[in-house]
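Heads up, the thing below is written out as structure tokens.
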Amino acid sequence: MNLWTFRIPTAVTFGEGAIRDLPRIAATLGQRPLLVADRDLVRLPLWARIQEILPGTPVFAEVTPDPTVGSVDALAAVVRDQRHDVAIAVGGGSAMDCAKAAACLAVGDLPSIRAVHSGGAPLGSARVPLIAVPTTAGTGSEVTPFAVLNDPETQRKGPIAGDALYPVHAVVDPELTYSLPRKVSVVTGLDALSHAIEGYWSRGHQPLCDLLAVEAARLICRHLRQAAKQPDDARARAAMSYAATLAGAAFQLPKNAMVHACSFPLSTRYHLPHGVACAFTLEEAIRFNAPVMGPRMTDFLRGIGLEDAEELIALVRELKQLGGLPCTLREAGIPPEVIPQLARESFHPLMNNNPRPMTESDLVAMYQRLA
Ligand code: ZN
């Protein structure tokens with residue numbers, strides 16, 4: 001067995017009603033909290049519950065989907081100028097990733113997060129402490145040291161990474177997901193499934209992360225269908241929230257592979273939401289990688305209660321159809337002429353984690369099958 005180190009520095013509080021503990025947790029970290037949310041969230045009924053629990057807390061609600069370097073810079077300026085000493089990010093990956101990056105930028109010397117995202121500047125270790133409160137069961141950002149950011153100026157979308165991006169505390173309350181529409185449930189759930197699968201098959205895989213990955217995938221395969229069909233099924237929602245956090249913990253050290261590498265050009269150029277972009281190549285990736293995984297793939301499939309890779313592929317396809325996700329380039333509104341460009345742009349460094357080496361012609365062939 002190779003040398004490995006496991007850790008998950010984020011404290012996790014989990015359960016129905018967990019958000020009632022937010023004032024106490026925030027008070028242990030700072031005296032001037034700032035709530036961060038995306039624009040759409042503050043219009044939903046669940047926002048009223050957050051405000052009831054944290055009355056009078058200032059709010060930054062300018063986070064857009066696929067957060068830009070500009071929104072990180074704007075949030076960091078607010079944190080700095082108003083001397084906030086703890087941030088509470090409520091939302092999906094966009095709100096959490098934006099707040100995580102801004103909490104670092106707010107205390108460093110860098111003028112813009114672009115210096116890290118495009119310029120390769122180090123992130124530093126200082127940050128305003130951050131509490132992450134996911135309202136979807138997908139990204140796992142509440143326990144990872146990554147923030148996926150978008151830079152419209154440089155047309156670059158991809159993650160930044162650094163220990164300072166780990167939230168200090170994750171408060172995971174499945175009740176926050178009861179009002180998610182079917183499509184969002186499926187999209188975010190398939191992102192979590194991608195994290196479990198990719199963390200497991202990554203070249204950086206390690207035993208404890210494997211355990212988390214198998215359990216996360218098992219729960220998603222068992223409960224995502226029901227969570228999508230019956231949004232207030234408490235058992236299915238709790239299983240999905242737990243699975244998404246587990247999947248985050250499962251890939252945060254091994255990191256993702258080809259599915260996420262391919263997702264970046266699909267999101268940047270063709271505006272597929274992150275989970276849709278990941279789900280788009282997931283079946284092809286399973287079919288491509290499974291043959292080289294040998295007994296490890298057999299163990300994974302047994303662990304999640306499936307017979308073979310084809311059964312997993314069929315389940316992914318069924319879930320995509322249940323959520324109304326695109327299964328072909330045509331359905332995604334992507335013209336076949338751009339296949340060579342898509343293939344070229346899919347070579348994000350995460351591709352190097354793929355268990356089976358992927359060539360440009362392999363990718364072209366994959367996208368032709370998906371046309
Ligand atoms: Zn993802």
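Atoms considered below: every heavy atom in the structure, side chains included; atoms not considered: hydrogens, waters and symmetry mates.
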Practice prompt. Assess whether ring pair (Phe, Tyr, Trp, His ring centres under 6.0 Å) is satisfied between His260 and His348, documenting all intermediate values.
Written response: CA-CA 9 Å; His260 277 74; His348 183 275; 9.7 Å; no
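- Side-chain atoms of Thr68 come within 3.5 Å of backbone atoms of Ser71 as a donor-acceptor pair (strictly under, hydrogens ignored).
- The residues Arg24 and Asp21 are annotated as salt-bridged, a charged nitrogen and a carboxylate oxygen being separated by less than 4.0 angstrom.
- Although no hydrogens or angles enter the test, the distance criterion places a donor-acceptor pair under 3.5 Å between the side chain of Glu331 and the main chain of Cys327.
- Around the CZ atom of Arg83, the shell of radius 6.0 Å holds no more than 12 heavy atoms that belong to other residues, nucleotides or ligands.
- Without hydrogens or angle criteria, Thr57 side chain to Leu54 main chain gives a donor-acceptor distance under 3.5 Å.
- For the residue pair Thr13/His169, the side-chain donor-acceptor check at 3.5 Å is satisfied.
- Two residues are said to be in side-chain contact when any heavy atoms from C-beta on lie closer than 4.5 Å; Leu105 and Pro111 fail this criterion.
- Annotation: the span from Leu165 atom CG to Phe146 atom CZ amounts to 9.0 Å, rounded to 0.5 Å.
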Worksheet entry | Verdict with reasoning, Glu345 to Phe264, per side chain to side chain contact (heavy atoms under 4.5 Å, CB included) | CA-CA 8 Å; Glu345 292 181 353; Phe264 298 130; over 6 Å; no
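- Checked by atom type and distance alone, the side chain of Gln252 pairs as donor or acceptor with a backbone atom of Arg7 at under 3.5 Å.
- In this structure, the side chains of Pro58 and Gln82 stay at 4.5 Å or more apart for every pair of heavy atoms.
- Between the side chains of Thr245 and Glu142, a donor-acceptor pair is found at a separation under 3.5 Å.
- No chain of hydrophobic side-chain contacts below 4.5 Å, direct or via other Ile, Leu, Val, Met, Phe, Trp or Tyr residues, connects Trp47 to Val63.
- Here the side chains of Ile286 and Trp201 are in contact, with some heavy-atom distance below 4.5 Å.
- Leu110 CG to Ile113 CD1: the interatomic distance, rounded to the nearest 0.5 Å, is 7.0 Å.
- Residues Lys255 and Glu198 are not paired through a salt bridge, judged by the lack of any N-O separation under 4.0 Å between the basic side chain and the carboxylate.
- Using a 4.0 Å cut-off between charged side-chain N and carboxylate O, Lys320 and Glu283 make a salt bridge.
- Not one N or O on the side chain of Thr177 forms a donor-acceptor pair closer than 3.5 Å with the backbone of Ala137.
- Without hydrogens or angle criteria, Asp73 side chain to Ser112 main chain gives no donor-acceptor distance under 3.5 Å.
- Heavy-atom contacts from other residues, nucleotides or ligands closer than 6.0 Å to CG of Asp109 number 12 or fewer.
- Judged by distance alone, the side chain of Asp85 and the main-chain N or O of Gln31 form a donor-acceptor pair under 3.5 Å.
- Heavy atoms of other residues, nucleotides or ligands lying less than 6.0 angstrom from OH of Tyr367 number more than 12.
- By the 6.0 Å contact criterion, CZ on Arg20 is open, its count of non-hydrogen atoms from other residues, nucleotides or ligands being 12 or less.
- For the pair Phe280/Ser263, no side-chain contact is recorded, criterion being any heavy-atom separation below 4.5 Å from C-beta on.
- If you check the side chains of Asp191 and Thr188, you find no donor sitting under 3.5 Å from an acceptor.
- No donor-acceptor pair closer than 3.5 Å links the side chain of Arg127 to the backbone N or O of Ala103.
- Looking at Arg237 and Asp173, no side-chain N of the basic residue comes within less than 4.0 Å of a carboxylate O on the acidic one, giving no salt bridge.
- Between Asp151 and Arg114 there is a salt bridge, with a side-chain nitrogen of the basic residue lying less than 4.0 Å from a carboxylate oxygen of the acidic one.
- In this structure, Leu322 CG and Arg225 CZ are separated by 8.5 Å, a value rounded to the nearest 0.5 Å.
- Atom-to-atom distance recorded for Asn256:CG and Met351:CE is 12.0 Å, nearest 0.5 angstrom.
- Using a 4.5 Å heavy-atom threshold, the side chains of Tyr166 and Thr144 count as separate.
- Remark: Glu52 does not engage Arg49 in a salt bridge, criterion side-chain N to carboxylate O under 4.0 Å.
- Cluster membership for Leu212 and Leu193, using ILVMFWY side-chain heavy atoms within less than 4.5 angstrom, is not shared.
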Item to complete: Could you walk me through whether Tyr178 and Leu46 pass the side chain to side chain contact (heavy atoms under 4.5 Å, CB included) test, one step at a time?
Response: CA-CA 10 Å; Tyr178 289 2; Leu46 77 82; over 6 Å; no
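- Of the inter-residue distances, the one linking Cys262 atom SG with Phe347 atom CZ reads 8.0 Å to the nearest 0.5 angstrom.
- None of Thr135, Leu176, Ile50 except one satisfies the side-chain contact (heavy atoms from CB on, under 4.5 Å) rule with Leu41; the exception is Thr135.
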Discussion item. Using side chain to side chain contact (heavy atoms under 4.5 Å, CB included), reason through Val72 and Asp97 one step at a time and then give a plain yes or no.
Written reply: CA-CA 9 Å; Val72 172; Asp97 286 5; over 6 Å; no
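- Here the CG atom belonging to Leu319 is positioned 4.5 Å from the CG atom belonging to Leu315, to the nearest 0.5 angstrom.
- Using a 4.5 Å cut-off on side-chain heavy atoms (C-beta onward), Glu62 and Leu75 make no contact.
- Within 6.0 Å of CZ in Arg80 there are more than 12 heavy atoms belonging to other residues, nucleotides or ligands.
- Side-chain contact between Leu130 and Val86 is absent, with no heavy-atom pair separated by less than 4.5 Å.
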Discussion item. Under the criterion side chain to side chain contact (heavy atoms under 4.5 Å, CB included), I'd like the reasoning laid out for Tyr200 against Met293: C-alpha separation, chi angles, the key distance, then a yes or no.
Written reply: CA-CA 10 Å; Tyr200 186 87; Met293 296 279 296; 3.9 Å; yes
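- In this structure a side-chain-to-backbone donor-acceptor pair under 3.5 Å is present from His117 to Gly158.
- Residues Phe60 and Val79 have side chains not in contact (no heavy-atom distance under 4.5 Å, counting atoms from C-beta outward).
- No more than 12 heavy atoms of other residues, nucleotides or ligands lie within 6.0 Å of CZ in Arg302, so this atom counts as exposed by the packing criterion.
- Panel note: side chain Ser267, backbone Leu272; a donor-acceptor pair is recorded below 3.5 Å.
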